[in-house]
Amino acid sequence: MKHLSLAARYRPQTFAEVAGQEMVVAALSRAAERDSPAPAYLLSGTRGVGKTTIARIFAKALNCEHAPGAEPCNECAQCRKIAAGSHVDVTEIDGASNNSVEDARALREHIGYAPMDGRYKVFIIDEAHMLSRSAFNALLKTLEEPPERVVFIFATTEAHKFPVTIVSRCQHFVFRHLGEDALAAHLVRTLNAEGRGYEDAAVRLIARRAAGSVRDAMSLLDQTLALGGVTLDAETTRQVLGLAGQELFTRLFGALATQDCAAAADTSRHLLREGVDIGFFLRELAGHWRNLFLFRQGGGAALGALALPEDDAAWLKAMAERFSAPHLHAAWQMTLDAQRGITQSPEPGAALELLLLNLALLPRLLPLEKLDGLSGGADREPARPAPAPQSRPHAEPAQTAPARTPAPETKAPQREEAPAPEPEAKVREPEPQHAEAAAHVEPPRETAEKAARAAAASTGAPEAEPDAPGNAPEPVQPAPNFQPDWASFCAFCTAEHEAGRPAPPLHALRGLEVDWRPGALTLHAPARALVHQLEKHRPALEAALASYCGGAGPELDIVAPRARRSQGELIAEFSRRPELQHCFELLGAEIDHCTEAGAPAAPRNAKP
């Protein structure tokens, strides 16, 4: 005799026998009772929640000899044929293997005929998301205007793959996961029908392991009964399904409470050696952290809401005293965050061991005694000492002098002015040490603000808003070793601009030739358009310089570029040079080409 699995043997045959899905059952049962089904239905949800089962019950209710009615009788010839899968007017199609446009066209031709034996033609397409785009398009017109007495039922686990044109033509019902209580009740009915004894802890364990799927729960129950004894007990269930026992969790939580890394690592090796399901172990571990945290926070009221057996409740009370509430909350969050990474890791054993070691060392990794203070001011910047400005190691004497201090004895080197017609004059770029110094020099305003925030955070005093009326910061004097630098000034202007204080935009400060001497700053713009931009932002630039230097800023001079001269003017000026007259007289040479500094060079032809 062929052996039937528990899932097939106890498949619901009426709407009343379906576990969960009350909303879907009520809607389809009422449609069958009123004899007014929709042309198409879309049933979506995770695996094993009853999509195909409800579709078959609905087909029986529509074609039952006693229809219309809310339930099929399951005794007439129509119901028996549909249950056996031999009814001529009820067709079940596997969408994975019949997904082409040719299959859709053949189905459309078959739809045109009236029902031969029953009242309705019902087409149940399982895994319908596997249909091709062309097959879906071929069904659009049929779904919108189907023949009389034709009902389509699409069942899928991935409704997001359906074209919106199909979904809009269907009544869409989303099947939900079954809760642990509903699954446990369904398993108990099955065990009673089988005449098998059971322990509540074992039934709860299978229901939790099934994760909301009725078919998974029935398969796990079938597996446990096949390999276990006469009575379903928790210990055998854990061994058969490869689940960690309560003794292992007791040892693990004891090791985590005492920060015993060796014991935590040994627990990880034991799990791998025994072949325990790591994914379910992590789910149970997260559930234990949750229960411990809720009990630690709510006490007896939370214990009543958790509805745990007496043994589990006693274990919870004893273990909760060994952890603080912040510790439990952080461990719960860490376990939840690590679940997906561990199960999908190429080295799940190493990832699990790392998680257990992190949980054991959690009090050292996280200052738990400060969590209460941090939770009240999560948006507050943590206090940290303000770094002192560092001097630039290779700065020139003229560039390293403070902006408000007298000039040193050594005279600063002056900027050389090249002759007007000198060819190929290059625009000076900031030296590399300037950028290096910008990474180490902190503007005085930012240093003072960070120090103020650090002092306020350490004393618990509220921070003063820098831009609020009556709280404006006083001018900050530069540190003794503060040195003006163009790169750090640009970074300072960016910060000031973002804070809403007067500062020029960064695009106006790019591409300039900078000559910064004590008390004076000269900006050479490469184009007249940039000169206009600088003049437009001169007030903001001067205000930013004063704030950057901590008082009176340097004298600002903006120099416009020289107007370019024609090649004829340059040749005429060069021809008057005294040092070139001997070449002209002795060699009979003449100047053929001349390029002003900064202009692109062209081929030269010297004529002797």
| request: Could you label the plane-to-plane angle of the His110 and Tyr113 rings as parallel, tilted or perpendicular, counting under 30° as parallel and over 60° as perpendicular? | output: tilted
| Below 4.0 angstrom, N of the basic side chain to O of the carboxylate: do Lys141 and Glu145 qualify? | yes
| field | Distance-only side-chain donor-acceptor flag, Gln259 / Arg364, under 3.5 Å | value | yes
| task | Return the minimal non-hydrogen interatomic distance between Leu183 and Ala210, and the atom names on each side. | result | CD1-CB, 4.1 Å
| In terms of ring plane angle, is the pair Phe249 and Phe253 parallel, tilted or perpendicular, where the classes change at 30° and 60°? | tilted
| request: Verify, without hydrogens or angle tests, whether Ser132 (side chain) and Asn99 (backbone) share a donor-acceptor contact under 3.5 angstrom. | output: yes
| said: Under the criterion salt bridge (charged side-chain N to carboxylate O under 4.0 Å, His left out), I'd like the reasoning laid out for Arg9 against Glu194: C-alpha separation, chi angles, the key distance, then a yes or no. | reply: CA-CA 11 Å; Arg9 198 183 316 165; Glu194 289 286 309; 2.8 Å; yes
| said: Give me each pair satisfying side chain to side chain donor-acceptor pair (under 3.5 Å) with a member in residues 287-305, each pair once, sequence neighbours excluded. | reply: Trp289-Thr335
| What do the steps show when you test Asp89 against Arg149 for salt bridge (charged side-chain N to carboxylate O under 4.0 Å, His left out), and what is the final call? | CA-CA 11 Å; Asp89 292 325; Arg149 300 285 178 173; over 6 Å; no
| message | Asn137: which residues meet the side chain to side chain donor-acceptor pair (under 3.5 Å) condition with it, sequence neighbours left out? | response | none
| message | Quick one, Arg56 and Arg11 - any side-chain contact, counting heavy atoms below 4.5 Å? | response | yes
| task | May I ask you to test the Leu107-Thr142 pair for a side-chain heavy-atom distance under 4.5 Å? | result | no
| said: Once rounded to the nearest 0.5 Å, what's the spacing between atom CD of Glu71 and atom CZ of Phe15? | reply: 6.5 Å
| request: Considering non-hydrogen atoms only, spot the tightest contact between Ala83 and Gln13 and give its length. | output: CB-OE1, 4.4 Å
| Pairwise distance CZ(Phe154) to CG(Leu43) - rounded to 0.5 angstrom | 10.5 Å
| task | Measure from the side-chain N and O atoms of Lys121 to the backbone N and O of Thr91, and report whether any donor-acceptor pair falls under 3.5 Å. | result | no
| field | Distance-only side-chain donor-acceptor flag, Ser213 / Arg47, under 3.5 Å | value | no
| field | Partner residues of Tyr198 under the side chain to side chain donor-acceptor pair (under 3.5 Å) criterion, sequence neighbours left out | value | none
| query | So, Ser29 side chain and Ala70 main chain: donor-acceptor pair closer than 3.5 Å or not? | reply | yes
| said: Any donor-acceptor pair under 3.5 Å linking the side-chain atoms of Ser219 with those of Asp216? | reply: no
| field | All side chain to side chain contact (heavy atoms under 4.5 Å, CB included) counterparts of Glu22, not counting sequence neighbours | value | Arg176
| remark: The reported gap from CZ in Phe281 to CD in Glu274 (rounded to nearest 0.5 angstrom) is 13.0 Å
| request: Supply the atom-to-atom distance Trp332 CH2 to Asp337 CG, rounded to the nearest 0.5 angstrom. | output: 12.0 Å
| query | How far apart are the C-alpha atoms of Ile153 and Ile125, what are their side-chain angles, what is the distance that settles it, and do they pass the side-chain contact (heavy atoms from CB on, under 4.5 Å) test? | reply | CA-CA 6 Å; Ile153 303 177; Ile125 305 178; over 6 Å; no
| said: Please report the interatomic distance CG(Leu272) to OG1(Thr267), rounded to the nearest 0.5 Å. | reply: 11.0 Å
| said: Counting only heavy atoms from other residues, nucleotides and ligands, does the tally under 6.0 Å from CZ of Arg273 exceed 12? | reply: yes
| Going by distance alone, is a donor N or O of one side chain under 3.5 Å from an acceptor N or O of the other, for Tyr10 and Glu17? | no
| message | I want to check something: taking the side chain as every heavy atom from C-beta on, are Asp117 and His87 in contact at a cut-off of under 4.5 Å? | response | yes
| Considering only heavy atoms from C-beta outward, does the side chain of Leu220 approach that of Gln223 to under 4.5 Å? | yes
| field | Close side-chain approach of Leu336 and Leu282, heavy atoms under 4.5 Å | value | no
| request: Report yes or no: does Thr190 contribute a side-chain atom to a donor-acceptor pair with the main-chain N or O of His186 at less than 3.5 Å? | output: yes
| query | Hey, does Arg119 have a side-chain heavy atom less than 4.5 Å from the side chain of Asp35? | reply | yes
| query | Is there a side-chain contact (heavy atoms from CB on, under 4.5 Å) between Glu158 and Met130 once you walk through the steps? | reply | CA-CA 9 Å; Glu158 301 182 32; Met130 300 293 289; over 6 Å; no
| field | Derivation of the salt bridge (charged side-chain N to carboxylate O under 4.0 Å, His left out) call for Arg209 and Asp277 | value | CA-CA 10 Å; Arg209 177 67 178 80; Asp277 187 341; 2.7 Å; yes
| What is the minimum heavy-atom distance between Cys64 and Cys73, and which atoms define it? | SG-SG, 3.4 Å
| message | A side-chain contact here means heavy atoms from C-beta on lying under 4.5 Å apart; do Phe58 and Pro37 qualify? | response | yes
| Can any side-chain N or O of Asn98 pair as donor or acceptor with the backbone N or O of Asp94 at less than 3.5 Å? | yes
| field | Donor-acceptor pair, side chain of Glu65 and main chain of Cys76, under 3.5 angstrom | value | no
| field | Test item: Thr236 side-chain N/O and Asp233 main-chain N/O as donor-acceptor pair under 3.5 Å | value | no
| Looking at residues at least two apart in the chain, or sitting in another chain, which of them share a side chain to side chain donor-acceptor pair (under 3.5 Å) with Ser268? | none
| query | Would Phe162 and Leu42 count as a side-chain contact (heavy atoms from CB on, under 4.5 Å) if you check the C-alpha gap in whole Å, the side-chain angles of each, and the deciding distance to 0.1 Å? | reply | CA-CA 10 Å; Phe162 267 66; Leu42 174 58; 3.8 Å; yes
| message | Here's a test for you: under side-chain contact (heavy atoms from CB on, under 4.5 Å), which of Leu6, Thr231, Leu232 qualifies with Leu191? | response | Leu232
| request: Looking only at non-hydrogen atoms, find the nearest pair between Ala59 and Val90 and report the distance. | output: CB-CG1, 4.1 Å
| Listed partners of Lys317 passing side chain to side chain donor-acceptor pair (under 3.5 Å), at least two apart | none
| request: May I have the step-by-step check of salt bridge (charged side-chain N to carboxylate O under 4.0 Å, His left out) for Arg208 and Glu284, ending in yes or no? | output: CA-CA 9 Å; Arg208 197 180 312 124; Glu284 283 199 298; 3.4 Å; yes
| request: Quick one: closest heavy-atom pair of Ala138 and Ala104, and the distance? | output: CB-CB, 3.9 Å
| message | Ser100 vs Asp103, test: side-chain contact (heavy atoms from CB on, under 4.5 Å). Steps then yes/no. | response | CA-CA 5 Å; Ser100 65; Asp103 296 322; 2.9 Å; yes
| Nearest heavy atoms of Ala255 and Ala264, plus distance in Å | CB-N, 4.1 Å
| message | Any non-hydrogen side-chain atom of Cys170 less than 4.5 Å from a side-chain atom of Tyr41? | response | no
| Distance, nearest 0.5 Å, that separates CG of Leu140 from OG1 of Thr165 | 4.5 Å
| Note: Arg204-Asp181 ion pair, threshold 4.0 Å (strictly below) | yes
